[in-house]
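Note sheet for the following structure.
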Amino acid sequence: MIDLHEKGHSFKELHEEYGPSLDTIRKWVQAATVIAIDHQGTAVTNEQFKQLQKENRRLREELDILKRAAVLLAKRWIYSFLGRQANN
């Protein structure tokens, strides 16, 4: 459907010939629309961009959690080390 639309068929023609609603066809075309070309020359579609944004958010959250854990572990190690020093 996307190829047919890109070749000039209207949403209405595609709807009448194949059956999916106009909104559904629009969403498919929008999701497959190239919005950028990455540094390797690969086309990035709207849908891929949304997925990359979602993954980026998840990875940032994971990094934030790991940073907080590292601080807590460092504090625990320092207190443990200082406690041993005080006993010696």
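Please read all numbers here as calculations on a predicted model, not as lab measurements.
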How far does CZ of R26 sit from OG1 of T24, to the nearest 0.5 angstrom? 10.0 Å
Over 12 foreign heavy atoms within 6.0 Å of CZ, R76: no
Please report the interatomic distance CG(L22) to CD(E16), rounded to the nearest 0.5 Å. 8.5 Å
Can you name the nearest heavy-atom pair linking L4 to L14, along with the distance? CB-CD2, 3.6 Å
Closer than 3.5 angstrom, by distance alone: can the side chain of H5 be matched with the main-chain N or O of H9 as a donor-acceptor pair? yes
In terms of side-chain heavy atoms, does T33 have a donor or acceptor partner in Q30 at a distance below 3.5 Å? no
Hey, mind stepping through V29 and F11 against side-chain contact (heavy atoms from CB on, under 4.5 Å) and telling me if it holds? CA-CA 10 Å; V29 170; F11 293 129; 3.7 Å; yes
Minimum heavy-atom separation for I2 to W28, with atom names? CD1-O, 3.6 Å
How close do T45 and A31 get, heavy atom to heavy atom, and via which atoms? CB-O, 3.3 Å
Student check: side-chain heavy atoms of E55 and L52 closer than 4.5 Å: yes
Run the salt bridge (Lys or Arg N to Asp or Glu O under 4.0 Å) check on R57 and E61 step by step: do they pass? CA-CA 6 Å; R57 270 192 303 276; E61 288 173 7; over 6 Å; no
Step by step, work out the salt bridge (Lys or Arg N to Asp or Glu O under 4.0 Å) result for D3 and K7. CA-CA 6 Å; D3 289 338; K7 291 178 182 173; 5.8 Å; no
Checking V71 against K67 for the side-chain contact (heavy atoms from CB on, under 4.5 Å) test, could you report, in this order, the C-alpha distance in whole Å, the side-chain angles of both residues, the deciding distance, and whether it holds? CA-CA 6 Å; V71 168; K67 284 179 181 179; 5.8 Å; no
Between atom CD of E17 and atom CE of M1, what is the distance when rounded to the nearest 0.5 Å? 8.5 Å
Between atom CG of D23 and atom NZ of K27, what is the distance when rounded to the nearest 0.5 Å? 6.0 Å
How close do I35 and F49 get, counting heavy atoms only, and between which atoms? CD1-CB, 3.4 Å
Rounded distance [0.5 Å steps], CZ in R68 versus CG in L63: 10.5 Å
